[in-house]
2 protein chains.
Amino acid sequence: MSDKRRITLKDIARELGISVSTASRALNSYSGISADTIKLVKDYAEKHHYVPNSIAVNFRKNKTQTIGMIVPELVHPFFSAVISGAISRANAAGYRLLISQTDEKAKNEILACQSMIGGNVDGLLISIANETTNIDHIQEFLDEGKPVIQFDKFSELLDTPKVITDDFESAYSAVKHLIDQGYRKIAHINGLMAVQNSIDRFKGYKKALEDHGLEYREEWVPHCKSISEGEGLEFAKQLMNLPQRPDAIFCITDLVALGVMNYLKSAGIKVPEQVGVMGFSNWKISEVMCPSLSTVDQHGFKIGAKSAEILLNLLKENSQGNHETYKIETDLIIRESTLK
Amino acid sequence: MSDKRRITLKDIARELGISVSTASRALNSYSGISADTIKLVKDYAEKHHYVPNSIAVNFRKNKTQTIGMIVPELVHPFFSAVISGAISRANAAGYRLLISQTDEKAKNEILACQSMIGGNVDGLLISIANETTNIDHIQEFLDEGKPVIQFDKFSELLDTPKVITDDFESAYSAVKHLIDQGYRKIAHINGLMAVQNSIDRFKGYKKALEDHGLEYREEWVPHCKSISEGEGLEFAKQLMNLPQRPDAIFCITDLVALGVMNYLKSAGIKVPEQVGVMGFSNWKISEVMCPSLSTVDQHGFKIGAKSAEILLNLLKENSQGNHETYKIETDLIIRESTLK
DNA sequence: TTGAAAGCGGTACCAT
DNA sequence: ATGGTACCGCTTTCAA
């Protein structure tokens, strides 16, 4: 294996009988350098395949042209889409993307942040883990003067720009659609109320019920801990066995809706005739389910691209930005599961 | 924006009244340092959240503890799983992962490689784009003495270790299962024969037919260009309208199988009774389809983890490894679409 | 066991 | 227009 050392500025300077600073300035075409010298140095550099050692440059400038990105889960259609959007935007601007995942564990998030700080990323894109309450490890970036953008799942404790789904509006219009379809006893399988998305979707759900004079019952709003297919199935069973049985279920996620659909199928309950089902996220599975699942498209790619864009702008301005919240609009996707 | 500089070794040394070298040695637990000093320094470091500036370390050691990873597509259940496996393995070893995607375009792959080289990654994990024929941009890593691992889609022109699905065996056993179920006229919607995976799956398919004395017809093996749902639908239509109509279809991917199923459903052809359908990859959609789709689980996570592991070992040995091929075994997942 | 200092490869400031 | 040099933060050799 060749371990041929790369040629350095010093080598160039020595060979050409000039100083290192002159060589550096020539290569970067600074003003105040004679055209002759520039040509001399550039020709020599090219001929000998000089490649600047970017570690040294980074070290000196304390910049890496690298952005850190931390998500709870990578194998997840929504987050993959977000990452994809961020990579596209960042790469287009000549930035690299360092990616890590937390599996929703605070411990992993801390490790990831340390690793990112250690990697001297110029800025951070993060969607915080469900488990995270203390946010010192993220605050550290801000303390170092590095911009941070929170997307999707965020903490109010961090003063950073945020890019999020418009959960309230999305939930409202999803539930309104159920009402328009004639459903009257609408349940909502929600997430934990410690997570802002869950809170906002719940608020949208409740407001829609209120605005249309429909009954709200606490027993119709169970809370998932892990947002899993299994929980969807269990809660559907629970809801269907209530004395006051709902005639529609608005699920926090398509995966939960899948569990719900599976239970309803096994119990011989007809969707959408007897019970309407609405998901959230528009994963590919929602299109494939039988009956196909009505849901809300979250535009993950756009969320990622927008987050990266904001970060890149802050990097350019050398600022940490304001604390604005950018809400990315959603699309209601109507399919069979809610069309009575 | 506070710009309080991160605390450095020098700060620690000054505060504790020791020298920088002692502080460094204490933090790295060198032998020849008193336990007291080690404790003193480590406690101080922890208390003040000292994080070594890895650019400086990297600079010094000419290593970045960062691995580059390039995939064709990020929003893809298989590749997400591979990435996830690689991240887990790499992070556990204290390595960071720089990720880029090519959208199957050679041009993007070249850009991604340049960016990775500029980022001074220590090694590269890559699944090459369908479009890629010239591999100079990847060879460059090898020329610089950096190890490269190819996974899933590779080029024989590159002398590197490879981690791949055992496509031949997987295809063979998938087709054998169809035969065992009584299907006799088995079609195969394949990918482009320029891609090794397609070639191997085709070989496995053909060998299974031969071993069981079944007829092979070229018209039964159409080739997808983009491996899409739409192509699956089109080819299914084509196959079903052949005078010699197949009674089973082995698809290159679950997505293609979805298109096939949609066509069969629309044409009123019963699965699995009239036509059996087999996918490949075991995406979530295969479980959700109606009828559920038999398929082959590729263990993407394992492929990613194994690739990272091999790379990490080479990094440790400071070698570029042999040109061994590691085949990751698969699991045949039998569901409704092939159970006559 | 500890300290001093060189040096990694650049950049940029201060002289000339 | 060019050279000299300090310096970024850390590791490591040499001395004490």
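FYI, side chains are in, hydrogens and waters are out, and symmetry mates aren't considered; it's all heavy atoms of this structure. Letters A, B, ... mirror the listed sequences (proteins, then strands); counts begin at 1.
Rounded to whole Å, the distance from CG on Asp11(A) to P on dG9(C) is 8 Å. Regarding Leu40(A), its CG atom lies at a distance of 14 Å from the C1' atom of dA1(D), rounded to whole Å. Computed from coordinates, the Leu9(B) CG to dT11(D) P distance equals 6 Å when rounded to whole Å. Spacing between atom OH of Tyr50(B) and atom P of dG9(D) amounts to 10 Å, rounded to whole angstrom units. Remark: C1' of dC10(D) and CG of Asn62(A) are 14 Å apart, rounded to the nearest angstrom. Look at NZ on Lys63(B): it is 14 Å from C1' on dT11(D), rounded to the nearest Å. A straight line from CD1 of Ile12(A) to C1' of dG10(C) spans 12 Å, rounded to a whole angstrom. Distance Lys61(B) NZ to dC10(D) C1': 9 Å, rounded to the nearest Å.
The nearest heavy atom of DNA chain C to Gly17(B) and to Lys10(A) marks one nucleotide each, and the one closer to the 5' end goes with Gly17(B). Along DNA chain C, the nucleotide nearest Pro52(A) and the nucleotide nearest Thr22(B) are compared for position; the residue whose nucleotide lies closer to the 5' end is Thr22(B). Comparing Ser24(B) and Ser34(A) along DNA chain D, the residue whose closest nucleotide (by nearest heavy atom) sits nearer the 5' end is Ser34(A).
Of all the heavy atoms in Gln65(B) and Asp122(B), the pair that sits closest is N-OD2, 2.7 Å.
Side-chain nitrogen and oxygen atoms of Ser19(A) include at least one within less than 4.0 Å of the OP1 or OP2 phosphate oxygen of dG3(D). Distances shown here put every side-chain N or O of Ser21(B) at or beyond 4.0 Å from the OP1 or OP2 atom of dG3(C). Phosphate contact (OP1/OP2 of dA1(D), side-chain N/O of Tyr30(A), threshold under 4.0 Å): absent. Remark: Thr37(A) is in phosphate contact with dT2(D), judged by side-chain N or O atoms under 4.0 Å from OP1 or OP2. Contact annotation: Asn28(A) side-chain N/O to dT11(C) OP1/OP2 distance is under 4.0 Å.
Counting atom types as modelled, Arg60(B) pairs no side-chain N or O with a base atom of dG9(C) as donor and acceptor under 3.5 Å.
Under the 3.5 Å distance criterion, with hydrogens and angles disregarded, no donor-acceptor pair is assigned to the side chains of Lys153(A) and Asn197(A).
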Stepwise side-chain hydrogen bond (donor to acceptor under 3.5 Å, both in side chains) check, Gln101(A) with Ser84(B): CA-CA 8 Å; Gln101(A) 60 182 335; Ser84(B) 178; 2.8 Å; yes

Going through the distances and angles, do Ile138(B) and Val148(B) end up as a side chain to side chain contact (heavy atoms under 4.5 Å, CB included)? CA-CA 8 Å; Ile138(B) 305 171; Val148(B) 173; 4.1 Å; yes

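When each of dG3(D), dC10(D), dT11(C) is scored by its nearest atom to the side-chain atoms of Val57(B), the top-ranked nucleotide is dC10(D). Side-chain proximity of Arg25(A) to dC10(D), dT2(C), dG4(D): nearest is dG4(D).
Between the OG1 atom in Thr165(A) and the NZ atom in Lys327(A) there is a gap of 10.5 Å [rounded to 0.5 Å].
With salt bridges taken as basic N to acidic carboxylate O contacts below 4.0 Å, one links Arg14(A) and Asp11(A).
Stacking is found between Phe59(B) and the pyrimidine-like six-membered ring of the dC8(C) base under the 5.5 Å centre-distance and 30° plane-angle cut-offs.
No engagement by Ile55(B) is indicated, since no non-hydrogen atom pair under 4.0 Å with the nucleic acid exists.
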